[in-house]
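Okay, structure first, notes after.
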Amino acid sequence: MSQLIKYYNSRLDTQKIAPTFEIIKNITMPNIEALEDVVVQTRRDILRMVHKVNSGHPGGSLGCTEFFVSLYHEMMELKDGFDMDGAGEDLFFLSNGHISPVFYSILARKGYFPIEELNTFRLIDSRLQGHPTTHEGLPGIRVASGSLGQGMSVAIGAALAKKLNNDNHLVYSLHGDGELQEGQNWEAIMYAAGNKVDNLISTIDRNGQQIDGPTAEVLPLGNLSEKFTAFGWDVLEIKDGNNLEEVIAGLQEAKSRTGKGKPICIIMNTVMGNGVDFMMHTHAWHGKAPNDDQLETALAQNPETLGDY
Amino acid sequence: MSQLIKYYNSRLDTQKIAPTFEIIKNITMPNIEALEDVVVQTRRDILRMVHKVNSGHPGGSLGCTEFFVSLYHEMMELKDGFDMDGAGEDLFFLSNGHISPVFYSILARKGYFPIEELNTFRLIDSRLQGHPTTHEGLPGIRVASGSLGQGMSVAIGAALAKKLNNDNHLVYSLHGDGELQEGQNWEAIMYAAGNKVDNLISTIDRNGQQIDGPTAEVLPLGNLSEKFTAFGWDVLEIKDGNNLEEVIAGLQEAKSRTGKGKPICIIMNTVMGNGVDFMMHTHAWHGKAPNDDQLETALAQNPETLGDY
Amino acid sequence: MKKYIDQGKNDTRSGYGAGMTELGRSNPNVVALCADLVGSLKIETFIAENPERFFQIGIAEANMMGIAAGLTIGGKIPFASTFANFATGRVYDQIRQSIAYSGKNVKICASHAGITLGEDGATHQILEDIGLMKMLPGMTVINPCDYNQTKAATLAIADYEGPVYLRFGRPKVANFTPADQKFEIGKALLLNEGTDVTIIATGHLVWQALIAAENLENKGISAEVINIHTIKPLDEEAVLKSVKKTGCVVSAEEHNYLGGLGESIARTLATQHPAPQEFVATQDTFGESGTPDQLMDKYGLNNKAIEEAVLRVLKRK
Amino acid sequence: MKKYIDQGKNDTRSGYGAGMTELGRSNPNVVALCADLVGSLKIETFIAENPERFFQIGIAEANMMGIAAGLTIGGKIPFASTFANFATGRVYDQIRQSIAYSGKNVKICASHAGITLGEDGATHQILEDIGLMKMLPGMTVINPCDYNQTKAATLAIADYEGPVYLRFGRPKVANFTPADQKFEIGKALLLNEGTDVTIIATGHLVWQALIAAENLENKGISAEVINIHTIKPLDEEAVLKSVKKTGCVVSAEEHNYLGGLGESIARTLATQHPAPQEFVATQDTFGESGTPDQLMDKYGLNNKAIEEAVLRVLKRK
Ligand SMILES: Cc1ncc(C[n+]2csc(CCOP(=O)(O)OP(=O)(O)O)c2C)c(N)n1
Ligand SMILES: Cc1ncc(C[n+]2csc(CCOP(=O)(O)OP(=O)(O)O)c2C)c(N)n1
Ligand SMILES: [Mg+2]
Ligand SMILES: [Mg+2]
């Protein structure tokens with residue numbers, strides 16, 4: 001027995017280590033221009049991460065960069081340090097775990113772990129696994145994802161715990177559009193409405209792409225807004241999810257609608273591969289890394305701002 | 001190896017035995033009064049089956065009796081005998097397998113197996129398992145059900161096979177309303193619309209009840225019609241699913257809408273426990289058998305018509 | 001042979017319900033989840049006393065496992081309960097990623113395990129759940145033998161931090177373990193000392209093993225009986241110590257012989273102390289409808305089957 | 001020792017793709033299903049040549065298994081394919097009820113099995129799928145060792161009536177079995193005769209076992225090597241025959257040591273011929289990101305690990 005419990009405890013321990021950093025506060029990012037710089041730098045991080053190991057998912061990551069920057073730098077109320085419980089702060093869950101590159105870059109540059117650690121993405125013995133996990137004790141991650149369709153359920157659980165704890169903070173989650181083909185999402189969607197989980201804001205990355213092609217060809221999702229509405233959610237749309245101001249406005253609108261008896265869904269239209277011309281509007285870069293030449297071209301389109309890792 | 005393959009082949013063999021009976025043709029049931037007699041006799045069968053073994057699911061069975069009678073005696077085009085493929089005939093799949101009593105009674109009285117075999121319901125070594133299965137080779141059953149939420153996917157597969165085989169017959173399926181809380185249904189619902197599975201008629205037993213109480217209390221399903229419509233189905237409603245004429249009219253209307261690019265959903269409002277006054281309008285008899293006194297009262301409300309088994 | 005007294009037949013799921021009632025009163029972090037099977041899980045009292053700590057999920061087991069994982073983020077100790085089939089096979093990948101790999105403190109509590117579920121038949125009678133759960137790194141797998149032990153286990157797992165699979169059943173069976181016996185996760189219980197053969201049983205088969213041992217004693221065969229309530233982590237020390245003494249072993253479980261307790265013991269022996277073993281388990285078939293007793297007889301899961309297995313294994317010593 | 005020549009590294013999933021291409025041309029009843037992973041499964045040619053016999057299900061594996069079951073009603077032979085994790089754990093209950101218990105002629109074809117999936121990490125690296133599928137009554141479980149054998153197995157299972165789990169992988173590995181070798185379900189292949197120890201390997205570890213045997217030969221140890229491509233039904237005769245001769249065995253699989261091939265062998269021995277066994281397998285941990293080679297090294301799944309296991313087991317003879 002001892003071996004197993006040791007194994008398990010060792011994991012728990014790493015999860016409990018509260019890193020001794022301070023979250024870089026929103027005040028350092030006062031305006032859209034400054035945030036744009038973070039966006040561009042995040043793109044560079046994504047590209048360099050996947051290029052280095054010749055694997056990973058740049059397309060969805062690039063499409064969601066503005067969302068992550070808005071969420072972590074403008075929207076979320078975050079405590080200093082990291083603990084698993086996240087009491088007294090907003091929480092975020094990434095359900096479409098394959099876009100870990102953007103998540104890792106944001107977390108690192110927000111202070112959750114050393115920026116240099118981005119160098120270890122997808123390498124053996126790294127905390128930056130191909131898909132995000134708590135298993136290696138990376139601060140900022142609260143549940144593993146990668147097998148699609150599970151994140152909304154987890155986010156609901158965390159939101160229910162907040163209610164039980166009289167913690168007025170919000171829970172955010174992000175989901176791929178193709179991911180919504182997984183039935184577990186609809187279980188969660190039905191549950192959240194039926195149980196008035198109104199401290200939850202779930203955003204759908206509506207890039208219209210998945211691995212085998214456009215969602216419309218693989219399995220049409222139809223009108224997502226109608227579907228969520230029919231399931232009892234309060235739905236709003238972000239027309240251009242790659243426009244920072246629109247994303248922030250959309251998130252703020254969503255936040256203002258919380259606490260009113262309905263979970264909130266944001267249908268966020270994005271362009272897969274956004275910010276790198278040859279990666280845009282196609283599923284081709286869902287899970288493919290650029291080669292050396294392609295990287296150079298891509299980086300040239302996104303000149304260094306905050307400094308590379 | 002031989003043991004396993006023998007085990008498996010023995011199952012296949014039983015499935016292939018085409019019983020040497022003729023399906024009792026619709027002509028023997030020309031009018032509603034005659035069908036009413038079948039309904040009442042089916043109720044008696046259900047009650048006597050579950051009473052004998054003090055287990056099984058009378059509530060949902062009674063609520064769906066008019067549906068089964070209409071389907072098998074009025075609607076479905078059936079061949080003589082039974083083979084697993086069901087080429088050249090309509091097919092039916094029961095997803096909410098717990099209402100096996102009504103299914104078994106209908107199949108037996110339609111000629112699929114000896115009526116006396118209803119005596120073996122839920123007994124050891126019986127072909128009439130608690131939930132329907134192909135495993136014991138019972139004619140009329142094409143897939144096991146009981147674990148909820150799987151039947152629509154199977155029905156879609158059978159409908160796709162019919163299209164591949166240029167077989168113009170229809171596939172019918174039945175689902176509990178509580179069952180729709182299972183996410184797999186929504187995967188199937190999305191798929192059937194996206195792929196124009198328009199030879200499928202799926203009926204929802206909208207009795208508003210499930211095991212732990214009314215669906216509205218356990219987990220509200222909201223407006224099912226809106227949900228199916230938002231998912232791209234052609235939806236129609238049967239206001240009183242315990243009125244034979246309405247059920248037949250609804251099924252005929254549904255049939256007339258097939259082949260037009262959309263799968264058809266019937267929301268069929270029923271009363272759980274219908275036909276036995278003390279069983280109606282409650283979830284209490286979802287999975288409970290009447291005792292001797294209760295059986296007597298229930299049977300008195302449904303006097304013998306075609307003759308007990 | 002040591003005597004064990006049946007204090008009155010009771011179902012192990014009621015032991016779970018009683019444990020939940022107690023936890024509801026003693027541990028404010030404990031929350032309960034259920035997927036439209038409250039009555040079958042016997043948690044009505046917990047719900048009545050702690051309505052705000054109960055989550056009715058509806059018929060959506062995958063969602064239940066995810067919500068349970070999420071509730072741990074916020075310090076809750078979720079007891080997620082349904083029938084064993086829907087608590088394991090239906091949601092294996094959800095348990096794997098959101099609970100086991102994520103190291104979440106979720107208790108998966110599964111009733112109606114095994115063939116004694118009875119009349120509902122094979123679609124509900126999971127005979128693979130021990131194997132399913134034992135393969136997950138970090139998962140603790142517990143299958144108590146009676147009402148008292150199930151109650152004690154329910155209390156014990158609330159104090160243990162980490163994912164647990166707790167398996168129990170539907171039929172009323174002998175209740176013979178002391179009501180005040182503390183439950184030690186991972187510690188096998190030696191119920192009877194013997195010298196000729198070791199019987200290692202779990203769940204409903206522990207009582208059957210005791211009956212078998214008594215019958216064997218009358219035939220002059222001395223059987224050691226071990227109640228292996230925790231299948232993972234397996235108390236290999238206890239297994240090896242006993243088999244080294246007796247030289248052979250019969251494993252007994254209400255489970256397929258493939259992948260379950262029996263194979264865990266076979267592996268332990270093969271890697272450390274090869275010895276003859278016989279399996280009392282279902283023989284790679286699905287179950288069927290019938291009463292629990294009929295099914296235990298038909299599928300060879302009773303004291304007679306254990307006795308026969310002992311006689312077979314003794315010949316192979 | 002018998003020499004085996006690598007005809008050029010290739011991935012086993014491409015063997016599946018090639019088999020599907022051939023089946024598309026030769027068997028009009030074969031249909032293919034996939035859940036948004038067409039490229040990874042290498043079935044583009046089948047799809048291009050038989051568009052009406054391909055069903056793109058989207059990211060909905062449960063629905064895929066049900067649709068596959070339904071397609072058999074109507075005489076189709078569905079090959080339902082996705083990553084191994086999503087083809088087993090994600091849909092265990094669907095396979096159990098709609099395919100295995102219903103006796104449907106569905107072929108579950110699973111790529112990216114095991115740790116050699118590589119960089120995607122643990123959420124995708126299932127190390128329990130052999131155990132999951134072997135516990136299902138009526139299921140045949142096959143894990144071929146290279147490109148040629150995977151192609152042959154793909155063709156063979158189309159002719160076999162009944163549910164099959166076919167497991168293959170992502171990395172390019174040695175392709176050494178004869179291109180014209182017929183695949184016999186359930187018949188172990190004796191790759192090398194030996195007298196000191198039996199190595200029973202499956203999947204990617206068969207080639208590693210051959211290397212280990214060669215290294216051992218240089219140390220004067222004669223190892224018998226068995227390619228056990230079919231894990232269920234297990235060729236117990238071949239296992240027992242060999243272990244009776246050599247007196248000890250090493251099992252090698254890209255799988256958790258709990259529940260997989262190794263435990264099936266341990267059970268076979270315990271019930272018929274107890275003998276020392278060592279396991280080459282992952283040690284009840286999740287995997288992680290890394291290159292296939294790095295991971296095989298780190299998790300002890302290569303010829304060196306097999307060699308060491310042989311030396312350990314020989315000491316226990
Ligand atoms: C349960 C499950 N099935 C399949 C996969 C393989 N997979 C990874 S990403 C992906 C496509 C996801 O599409 P979408 O959610 O739209 O993300 P995007 O491609 O837009 O980033 C698939 C099928 C998976 N990770 N999990
Ligand atoms: C996957 C699964 N989860 C749970 C159950 C247990 N169960 C059997 S019937 C039932 C309620 C079904 O409700 P509904 O579909 O409305 O049927 P009704 O009670 O109206 O007959 C439940 C939860 C099951 N059989 N399968
Ligand atoms: Mg997408
Ligand atoms: Mg209902």
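By convention in this document, chain letters (A, B, ...) are assigned in the order of the sequence lines, proteins followed by strands, and residues within each chain are numbered from 1.
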Original post:
Pick from C:Q94, C:Q97, C:E61: which one has the most heavy-atom pairs with chain A under 4.5 Å?
Top reply: C:Q97
Subject >> Proximal component of A:A188, with respect to chain C [non-hydrogen, under 4.5 Å] >> reply: both
Original post:
Any side-chain heavy atom of A:F93 sitting closer than 4.5 Å to one from A:R142?
Top reply: yes
Subject >> Test log, rule ring pair (Phe, Tyr, Trp, His ring centres under 6.0 Å), inputs A:F68 and A:F92 >> reply: CA-CA 10 Å; A:F68 271 89; A:F92 169 71; 5.3 Å; yes
Original post:
Would you say the side chains of A:S153 and C:N63 form a donor-acceptor pair under 3.5 Å?
Top reply: yes
**OP:** Look up atom CG in A:D205 and atom CG in A:L94, then write down how far apart they are to the nearest 0.5 Å.
**Re:** 10.0 Å
**OP:** Would you mind checking which part of C:Q56 comes under 4.5 Å of any heavy atom in chain A, side chain (CB onward), backbone (N, CA, C, O), both or neither?
**Re:** backbone
**OP:** Report the option among C:A68, C:G66, C:G58 that has the most heavy-atom pairs separated by less than 4.5 Å from atoms of chain A.
**Re:** C:G66
**OP:** Under 4.5 Å heavy-atom distance to chain C, tell me which part of A:L91 shows up: side chain, backbone, both or neither.
**Re:** side chain
**OP:** Heavy-atom pairs under 4.5 Å with chain C are the metric here; pick the option from A:V171, A:N195, A:V154 that has the most.
**Re:** A:V154
Original post:
Does the distance from a Lys or Arg side-chain N to an Asp or Glu carboxylate O, for A:D234 and A:R257, drop under 4.0 Å?
Top reply: yes
Original post:
Any Lys/Arg nitrogen of A:E77 or A:K255 sitting under 4.0 Å from an Asp/Glu carboxylate oxygen of the other?
Top reply: yes
Original post:
Where on C:T230 is there a heavy atom nearer than 4.5 Å to chain A: the side chain, the backbone, both, or neither?
Top reply: neither
**OP:** Give, as side chain, backbone, both or neither, the part of C:I57 having an atom under 4.5 angstrom from any heavy atom of chain A.
**Re:** both
